[in-house]
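Encoded as structure tokens, the structure appears first; notes follow it.
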Amino acid sequence: MMTEAKNEQLERMRHSVAHIMAEAVQSLFPGAKFGIGPTIEHGFYYDFELSRALTPDDLPVIEDKMREIIAQDASFVRDEISRDEARTLFSDQPYKLELVDEIPDASLVVYKQGSFTDLCRGPHLASAGEARAFKLTHVAGAYWRGDEKRPMLQRIYGVAFESQEELEEHLSRQAEAARRDHRKLGKELDLFSVHEEIGPGLICWHPKGAVIREIIEDFWRVEHRRRGYDIVYTPHIAKLDLWKTSGHWEFYRDYLYSPMEIEGQEYMLRPMNCLGHILIYKSRLRSYRSLPLRYAELGTVYRYERTGVLYGLARVRGFTQDDAHIFCRPDQVEGELVGVLNLVLFMMASLGFKEYKVFLSTRPDKYAGTAQMWEEATECLKRALERLTLPYAVDPGEGVFYGPKIDVKLEDALGHEWQGPTIQVDFNLPQRFDVCYIGEDGSDHTAVMIHRTVLGAMERLLACLTEHYGGAFPVWLSPVQAVIIPIADRHVGYAQEIAGEFRSEGIRVLVDDRSERMNLKIREAQLDKVPYMLIVGDKEMGSASASLRLRSGEDLGLEGLADVKNRIKVAAEARA
RNA sequence: GCCCACAUAGCUCAGUAGGUAGAGCACGUUCUUGGUAAGAACGGGGUCACCAGUUCGAAUCUGGUUGUGGGCUCCA
């Protein structure tokens with residue numbers, strides 16, 4: 001109850017600060033047209049149409065004006081007026097008029113403070129002087145009512161808290177998030193790059209990023225074989241006709257790369273991996289006895305994403321899905337779904353993601369198949385979730401046109417959400433490609449097809465892992481697990497001996513043999529977030545040992561080589 | 001795609017009355033061989049993203065292109 005009341009008060013304050021900002025903008029930009037100004041997580045925004053574009057330099061000026069307004073401490077006055085009065089009041093505010101016309105109530109509520117009156121349900125603070133710590137953070141463009149066909153307004157975002165301390169705490173959390181940004185760490189830790197010369201959204205994996213990827217992919221393969229998947233490889237381009245048959249050309253044309261002509265035939269870069277898998281399935285007659293068949297592929301796909309949506313590794317134009325397609329009988333669907341969900345949970349746990357949200361998306365307005373098919377499949381997905389006692393939320397109408405799905409959103413250490421694994425039942429492709437099997441009765445039956453990824457895409461996964469761990473990857477994923485630091489040049493030979501021995505047992509180790517001081521080498525290994533530093537000098541050489549330092553800064557002192565080796569191997573095997 | 005901002009050495013960034021460029025780190029050479037987060041000196045390195053325009057003269061002003069960032073819309 002206490003926190004609820006507190007939240008309500010905070011919401012009220014944030015909303016009032018939005019009004020105060022609007023008043024400040026009104027006085028600084030005469031003729032401003034006002035959109036809406038709601039509260040959001042941590043703060044608020046307000047949308048305006050102004051005579052000129054705002055720049056970041058405008059924010060402190062607006063903040064100063066807001067402080068003046070707060071100092072004047074005008075009361076927030078609630079008033080109820082008729083629709084006609086409202087139309088008169090907002091006669092020069094086209095966006096407000098639009099809102100007035102949409103509210104069905106007979107009388108409308110307005111709030112007035114100082115010289116500013118806004119159409120607003122409230123509630124608000126008693127007076128402007130109750131506003132507390134706030135800061136305007138950034139300006140951005142935003143379509144009126146989120147519709148890209150309507151005018152773009154200028155939005156000012158701000159944050160507001162009950163106290164200066166809370167505001168500063170929030171700002172420092174933001175700063176920590178910026179430090180963990182995978183785009184920044186990707187450069188610092190030498191994981192990946194994108195190049196103007198190659199094209200936006202197309203990723204080059206550097207050796208260290210590639211190590212992480214390779215380890216995860218190897219792990220993925222082993223786990224899939226163990227769970228009855230067959231691994232396949234299929235081409236990255238295919239004739240355009242195939243994509244017409246599948247419906248991709250019709251439904252996703254805006255997201256496809258233009259076809260290319262080869263020997264008078266049009267070919268297209270693949271946006272999905274399914275079709276190759278379907279053709280493998282169809283390469284011979286399938287009996288009900290041989291189902292389910294599970295074809296898995298780390299399949300690279302290319303999708304044309306609009307430039308404005310690209311984001312580091314998390315939203316790209318070429319990416320590798322850990323894809324698989326399960327072909328099964330209707331009576332096998334539920335069991336398969338449970339198997340996939342188990343695999344998802346296992347992968348998430350192995351990668352260190354403890355927080356995730358599960359969403360079940362149901363039938364949209366436009367759909368393939370019959371309502372009954374959707375009903376049954378949705379029930380199957382539900383039962384599978386319930387068998388694993390997984391809490392989930394239903395996203396009504398958010399399914400893809402070809403079938404219902406389960407999406408898993410991961411939450412990283414900073415609370416960012418990432419769309420990861422997805423499990424989709426498909427009613428479209430089996431029909432279009434006549435994907436069937438011979439049943440017990442000797443006749444053809446349409447197979448059920450399940451698309452699924454358990455990691456999502458390798459690119460997005462690396463983004464997510466990097467931010468989750470802040471670049472300090474667990475030992476099993478660390479590109480370099482240990483750096484051996486000889487104190488003086490005469491210790492390099494000993495360091496290399498250790499490195500050879502460790503390497504032969506699968507430990508990723510480097511010798512920092514530069515003629516630099518130990519302090520520098522420690523600092524750099526630390527900045528590289530290498531889990532173990534083995535410092536070796538005269539003492540260690542004489543006792544077949546190394547002095548062990550962890551990236552946490554902890555100095556574990558002298559330890560026998562066998563123990564060090566064992567310690568690293570145990571940590572790697574535990575995936576810790 | 002849309003709105004706004006930004007683009008200077010490999011990296012992080014200085015460089016506002018327009019007069020052909022700087023620092024730190026990194027890199028190279030040399031000296032130093034040092035016990036738990038940066039030893040020192042010297043040196044190499046930039047057609048100031050690209051293309052036009054204004055100007056006697058453009059990193060600096062204008063327009064366009066490309067890319068990046070913050071958002072909006074979108075994300076099979």
Practice problem: Spell out yes or no: do the side chain of Arg517(A) and the base of A37(B) have one donor N/O and one acceptor N/O closer than 3.5 Å? | Solution: no

Exercise. Answer yes or no on whether Lys409(A) is positioned over the face of Tyr356(A), meaning its NZ or CZ is under 6.0 Å from the six-membered ring centre and within 45° of the axis.
Key: no

Practice problem: Would you state whether a donor and an acceptor, one from the side chain of Glu540(A) and one from the base of G35(B), lie under 3.5 Å apart? | Solution: yes

Exercise. Could you tell me the separation between the CZ atom of Arg523(A) and the C1' atom of G39(B), rounded to a whole number of Å?
Key: 14 Å

Exercise. For the side chain of Pro200(A), starting at C-beta, report the closest nucleotide among G67(B), A76(B), U73(B).
Key: G67(B)

Practice problem: Please determine, for the side chain of Asn519(A), which listed nucleotide (U36(B), U12(B), G35(B)) has the closest atom? | Solution: U36(B)

Practice problem: Mind jotting down which residue pairs meet the ring pair (Phe, Tyr, Trp, His ring centres under 6.0 Å) criterion with at least one end in residues 175-195 of chain A? Sequence neighbours excluded, please. | Solution: His182(A)-Tyr311(A)

Quiz prompt | Length of the line joining Asp407(A):CG and C75(B):C1', which is rounded to integer Å | solution = 11 Å

Quiz prompt | Face-on cation placement of Arg150(A) at Tyr143(A) ring, 6.0 Å and 45° thresholds | solution = no

Practice problem: Please report, rounded to the nearest Å, how far the P atom of C25(B) is from the CG atom of Asp528(A). | Solution: 18 Å

Exercise. Taking only the side-chain heavy atoms of Met152(A) (C-beta and beyond), determine which of C2(B), U33(B), C4(B) contains the nearest atom.
Key: C2(B)

Quiz item: Ignoring hydrogens and angles, does a donor from either the side chain of Tyr311(A) or the base of G70(B) sit under 3.5 Å from an acceptor on the other?
Solution: no

Practice problem: Kindly say whether Val400(A) contributes a backbone atom to a donor-acceptor pair with the side chain of Lys405(A) at under 3.5 angstrom? | Solution: no

Exercise. Run the salt-bridge test on Asp147(A) and Arg145(A) with the 4.0 Å N-O cut-off and return the result as yes or no.
Key: no

Exercise. State whether the distance check finds a donor on one side and an acceptor on the other, under 3.5 Å, for side chain Arg150(A) versus base C2(B).
Key: no

Quiz item: In whole Å, what separates the P atom of A14(B) from that of G24(B)?
Solution: 16 Å

Quiz prompt | Nucleotide of G35(B), C3(B), G39(B) approaching Ile535(A) most closely (side-chain heavy atoms) | solution = G35(B)

Enumerate the protein-to-nucleotides 42-47 of chain B contacts in which both atoms are nitrogen or oxygen and the separation is below 3.5 Å.
none

Self-check item: Side chain Arg315(A) and base C75(B) donor-acceptor under 3.5 Å
Solution: yes

Quiz prompt | Candidate list Phe48(A), Phe29(A), Tyr95(A), test ring pair (Phe, Tyr, Trp, His ring centres under 6.0 Å), partner Phe34(A), passing option | solution = Phe48(A)

